[in-house]
Amino acid sequence: MPPVSTPPVSSPPGGARPVPRPGILAIAPYVGGRSTAEPGQRVIKLSSNESGIGPSPRAIEAYRAAAEAMHRYPDGGAAELRAAIAESFDIPADRIVCGAGSDELIHLLTTAYAAPGDEVLYSEHGFLVYPISAHAAGATPVKAPEKDLRADVDALLAAVTPATKLVYLANPNNPTGTYLPPAEVARLHAGLPGHVLLVLDAAYAEFVDVADYEAGLALVEGAENVVMLRTFSKLYGLAALRLGWAYCPEAVADVLNRVRGPFNTSIAAQAAGVASLRDTAFLEHARSHNAEWRAWLTARLTQMGLEVTPSVTNFLLVRFPDEAGRTAADADAWLTARGILLRRVTAYGLPAHLRISIGTAEECEIAAAAIADFLRGEA
Ligand SMILES: *Cc1c(COP(=O)(O)O)cnc(C)c1O
């Protein structure tokens, strides 16, 4: 075979090169939770808020069965999945739009409703995909300060300008694990002009077991400018399949259906999503596992003298001491060397914290024991 040679890159006349729209190169690419350690080492991955106990066995079965039809395009409208969601949540199917993860829906909403010169508002420690999507749209991301690691409605409303087009509120929020009660969310909505779209990102809603929480279904029903986002990536354990959905006012559903890819969710994701929704016993098991080990891990880490932000989600935000050798960065390096992967949250403005997802019982026990060893200064 002749040697393969790379043709020389020729400079186009005038040195011109394709240049992306303003804002694109301002994006700091999203860095996900790490998943690898030293070769041969057991990895305990608690860095991405994935399900501690994995998917429903029925979802795995549905995924396998879907393989036989992979030469066919999926149903672009995801009718069966939307019908299953509609039934589970008692909402109209025609106002549900499915996406390749709620990440895709965030990008579609931002690019559909915000243009260069517009502002996209979110709270200080809010999910990083919001500013990324704003930059991608050429719009300006704007952060409102939080109080005690919780979104502050007054600060959000004070940051609204005539240029504001969208407000994103993760409720509960990642990476803080905190939430706003329905009265606060209603106050935020009431303070927004009608042309501003309020997006309630309820990715962790299924884990919340306090009485004063609502994901936002009622608010969507009563308004033209509220969207609720949900995902199959967390409680349902389908993160790899990329599946999320939006509950929208009719006009917003119409917009999303115009801008989304015609086949944006795969046949396997749709099938596994339907099977997961119907396996209510499994979902209940996943929920109670999380509640049990979230309480256990919160208590253990608190006993060690660490500050744990009370969480209603499937992860904990933990503050480490400021003294050299015991910081969040030190802990992260020490744990990583032992295959225990937590998440640094410096990019969220929280350099002294680590985020830890609720894993299996054994993973929680191993991680807690390792953190205790680290704090005792063991080599
Ligand atoms: C994990 C997460 C999502 C879900 O993302 P997918 O794209 O559906 O996997 C959305 N919002 C927040 C705040 C999250 O933490």
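Quick note: numbers below take in every heavy atom, side chains included, and nothing from hydrogens, waters or symmetry partners. For ligands, and for the atoms within them, numbers begin at 1 and follow the listed sequence. Because the structure is predicted, anything quoted here is derived from the model rather than measured.
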Write out the residue and atom name of the closest protein heavy atom to atom 9 (O) of ligand 1, then the distance separating them to 0.1 Å. Ser233 OG, 2.6 Å

Numbered atoms and elements of ligand 1 in range of Gly101, under 4.0 angstrom, heavy atoms: 6 (P), 7 (O), 8 (O)

With side chain to side chain donor-acceptor pair (under 3.5 Å) as the test, would you mind laying out the steps for Thr176 and Tyr348 before giving the verdict? CA-CA 10 Å; Thr176 53; Tyr348 288 90; over 6 Å; no

What I want to know is whether Tyr130 and ligand 1 share at least one N or O pair that is separated by under 3.5 angstrom. no

Working to the nearest 0.5 Å, report the span between CG of Asn173 and CG of Leu149. 9.5 Å

Near Ala203, which atoms of ligand 1 are under 4.0 Å from a heavy atom of that residue? 2 (C), 3 (C), 10 (C), 11 (N), 12 (C), 14 (C)

If the plane angle is over 60° it's perpendicular, under 30° parallel, otherwise tilted; pick one for Tyr213 and Tyr179. perpendicular

Of the side chain and backbone of Asp201, name the one, both, or neither that has a heavy atom under 4.0 Å from an atom of ligand 1. side chain

As an exercise, state the distance from NZ of Lys45 to CD1 of Ile340, rounded to the nearest 0.5 Å. 14.5 Å

Please evaluate residues Thr327 and Asp330 with respect to the criterion side chain to side chain donor-acceptor pair (under 3.5 Å), reporting the C-alpha separation (whole Å), side-chain torsions for both, the decisive distance (0.1 Å), and the verdict. CA-CA 5 Å; Thr327 66; Asp330 296 324; 2.9 Å; yes

Judged by non-hydrogen atoms, does Gly244 sit under 4.0 Å from ligand 1? no

With only distance considered, is Ser102 within less than 3.5 Å of ligand 1 through an N or O on each side? yes

Which ligand 1 atoms are under 4.0 Å away from a heavy-atom of Asn174? 13 (C), 14 (C), 15 (O)

Has the side chain of Arg95 got a donor or acceptor atom that lies under 3.5 Å from a matching backbone atom of Cys248? yes

Counting only heavy atoms closer than 4.0 Å, does ligand 1 sit against the backbone of Arg242, its side chain, both, or neither? side chain

d(Leu105 CG, Ser133 OG) to nearest 0.5 Å is 11.5 Å

Let me confirm one number: the OG1-NZ distance from Thr313 to Lys234, rounded to the nearest 0.5 Å. 9.5 Å

So, 4.0 Å and heavy atoms of Tyr204: is ligand 1 close enough to count as a contact? yes

Can you sort out which atoms of ligand 1 are near Lys234, meaning under 4.0 Å from one of its heavy atoms? 1 (C), 2 (C), 3 (C), 4 (C), 14 (C), 15 (O)

